[in-house]
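The shown structure was predicted, so the numbers you read here are calculated from the model rather than taken from an experiment.
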Protein chains: 2
Amino acid sequence: MEKRTKHPEPKCGIDYAFQRIGGKYKGRILWRLRLGTLRYGELRRTVTGVTAKMLTQALRELEDDGLIERKVYVEVPPKVEYSLTGPGRELLPFLAQLRDWAKEQMLVNHIEALPGSFLK
Amino acid sequence: MEKRTKHPEPKCGIDYAFQRIGGKYKGRILWRLRLGTLRYGELRRTVTGVTAKMLTQALRELEDDGLIERKVYVEVPPKVEYSLTGPGRELLPFLAQLRDWAKEQMLVNHIEALPGSFLK
DNA sequence: CCGCATCCATGTGGATACTG
DNA sequence: CAGTATCCACATGGATGCGG
């Protein structure tokens, strides 16, 4: 094992942000942590479809980028807790807004896709 | 040539949104289009680092997802213009705030990385 | 319980050449 | 000008097994 992902030089703010939260699972991980601390296993169960490998990788990158904090309890059985940092928490309003947009889009697209929809 | 990308079933709103705008260049493309219509060549020059292949692919997916509109002028030389649709425009406040967050993070991280910073 | 190591399939993305 | 077509390197991501 060696280096953890190093981002290429961002071209602008939008680029910088997407390098940090643009992964396949990172948005959902941050969103799951909005209500407070979660253990590794809880994240793995609630972020459906993620494998242990990808979850660990995403968590490490989020940690390296200062968006989440990783706290290890040295005990048996092991316990590791993840929580948002200040910068990570600042992303929540944007994610909420994005979620609202998505919910509206899903509704509209679903209605338009219906056969014989009254909107057509 | 055949099928253009089909998204897997989204797990939630956050997932849905990132499937549509989460690519390597999509955020920057949408952001560049915030001020109005742009031609293909203009996009290619201003979205630095993108190749023709990837730009075309991203534009097609954004079009399929209803976030941008593609308008072809049948003339010589050819001319193709891209602009945001209604749903695409609704993403701009999100991108603007994300950009603000990123600018702040870049500033803070840069200061902390300086040797002998007064913040340390 | 929370990972890491390894192998392997598939996807992403760049370089180059070509076209209506 | 605005793309396609082809080739290929590398990254992403899944499956499985092992370890503190």
Side-chain angles (χ1 to χ4, degrees), chain A residues 1-11 15 18-29 32-33 37-64 68-83, chain B residues 1-11 15 18-29 32-33 37-64 68-83:
Chain A
M1 210 266 287
E2 56 268 25
K3 61 192 169 193
R4 311 211 279 215
T5 308
K6 171 75 171 61
H7 301 296
E9 192 66 22
K11 307 292 187 185
D15 201 22
F18 274 89
Q19 284 176 359
R20 277 148 188 82
I21 66 170
K24 191 173 179 181
Y25 303 105
K26 287 181 182 177
R28 284 164 70 201
I29 291 171
R32 287 298 309 176
L33 290 173
T37 299
L38 285 177
R39 296 184 57 173
Y40 176 87
E42 294 174 314
L43 277 171
R44 183 155 181 207
R45 279 189 297 278
T46 54
V47 179
T48 55
V50 74
T51 61
K53 176 186 171 182
M54 296 316 298
L55 178 58
T56 299
Q57 182 178 312
L59 289 170
R60 289 294 179 282
E61 292 179 8
L62 289 170
E63 186 192 3
D64 287 349
I68 66 172
E69 186 186 2
R70 179 171 182 264
K71 189 168 183 179
V72 181
Y73 294 83
V74 184
E75 58 188 45
V76 179
K79 178 169 136 184
V80 181
E81 288 184 342
Y82 295 91
S83 58
Chain B
M1 211 262 288
E2 54 269 27
K3 61 192 169 192
R4 311 210 280 214
T5 310
K6 170 77 171 62
H7 302 296
E9 191 66 21
K11 307 294 186 184
D15 201 21
F18 273 88
Q19 284 176 359
R20 278 149 186 81
I21 66 169
K24 190 172 178 180
Y25 303 105
K26 288 180 182 178
R28 284 164 70 201
I29 291 171
R32 286 299 309 176
L33 290 173
T37 299
L38 285 178
R39 297 182 60 171
Y40 177 87
E42 293 173 318
L43 277 172
R44 186 159 178 205
R45 278 188 299 276
T46 54
V47 180
T48 55
V50 74
T51 60
K53 175 186 170 183
M54 295 316 297
L55 178 58
T56 299
Q57 182 179 311
L59 288 170
R60 290 292 181 282
E61 291 179 10
L62 289 170
E63 186 191 2
D64 288 349
I68 66 172
E69 186 185 3
R70 179 172 182 265
K71 188 167 183 180
V72 180
Y73 293 83
V74 183
E75 58 187 44
V76 179
K79 179 169 135 183
V80 181
E81 288 183 343
Y82 294 91
S83 58

Atom-pair distance (CG on A:L59; P on C:dG3), nearest Å: 8 Å
What's the angle between the local helix axes at either end of the helix from C:dC1-D:dG20 to C:dG20-D:dC1, using five pairs per end and rounding to 10 degrees? 60°
Contact list for DNA chain D against residues 21-29 of chain B - heavy-atom distance below 4.0 Å: none
The reported gap from CD in A:E81 to CD in A:E42 (rounded to nearest 0.5 angstrom) is 8.0 Å
Taking all non-hydrogen atoms of both residues, which atom of A:I68 and which atom of A:L59 are closest, and how far apart? CD1-O, 3.5 Å
Is the distance from OP1 or OP2 of C:dG3 to the nearest side-chain N or O of A:R60 less than 4.0 Å? yes
For the NZ atom of A:K53 and the CG atom of A:L55, what is their distance to the nearest 0.5 Å? 13.0 Å
Rounded to whole angstroms, how far apart are CZ on A:R70 and C1' on C:dC4? 12 Å
Indicate, with a heavy-atom threshold strictly under 4.0 Å, whether A:P77 touches base, sugar-phosphate, or nothing. sugar-phosphate
How many whole angstroms separate atom CG of B:L55 from atom C1' of D:dT4? 14 Å
Given atom NE2 of A:H7 and atom C1' of D:dA11, what is their separation to the nearest angstrom? 15 Å
My understanding is that only one of A:L38, A:L62, A:L43 makes a side chain to side chain contact (heavy atoms under 4.5 Å, CB included) with A:Y82; could you say which? A:L43
Under 4.0 Å between a side-chain N/O of A:Y82 and OP1 or OP2 of C:dC2, yes or no? no
Of the candidate nucleotides D:dG13, C:dC2, C:dG13, which contains the atom at the shortest distance from the side chain of B:M54? C:dG13
Any side-chain N or O of B:T51 under 4.0 Å from OP1/OP2 of C:dG14? yes
With sequence neighbours left out, the residues meeting side-chain contact (heavy atoms from CB on, under 4.5 Å) with B:T46 are B:R32
Set of side-chain contact (heavy atoms from CB on, under 4.5 Å) partners for A:E75, sequence neighbours left out: A:Y73, A:K79
Show the atom names and distances, to 0.1 Å, of all donor-acceptor pairs under 3.5 Å that link a side chain in residues 18-28 of chain A to residues at least two apart or in another chain.
from	atom 1	to	atom 2	distance (Å)
A:Q19	NE2	A:P8	O	3.1
A:R20	NE	A:Y16	OH	3.4
A:R20	NH1	A:Y16	O	3.0
A:K26	NZ	A:E61	OE1	2.7
A:R28	NH2	A:T48	O	2.9
A:R28	NH2	A:T48	OG1	3.0

For residues B:V50 and B:V47, report the shortest heavy-atom separation together with the two atoms involved. CG1-O, 3.1 Å
At a heavy-atom distance below 4.0 Å, what parts of residues 37-49 of chain B sit against DNA chain D? B:R39, B:Y40, B:G41
Approximate separation, where rounding is to 0.5 Å, of A:T56 OG1 and A:R70 CZ: 8.5 Å
Nearest whole Å is fine: how far is C:dT12 P from B:E61 CD? 8 Å
5'-most contact on DNA chain C (nearest-nucleotide basis), A:K53 vs A:P78, goes to A:P78
Distance-minimising heavy-atom pair for B:T37 and B:S83: OG1-CB, 3.6 Å
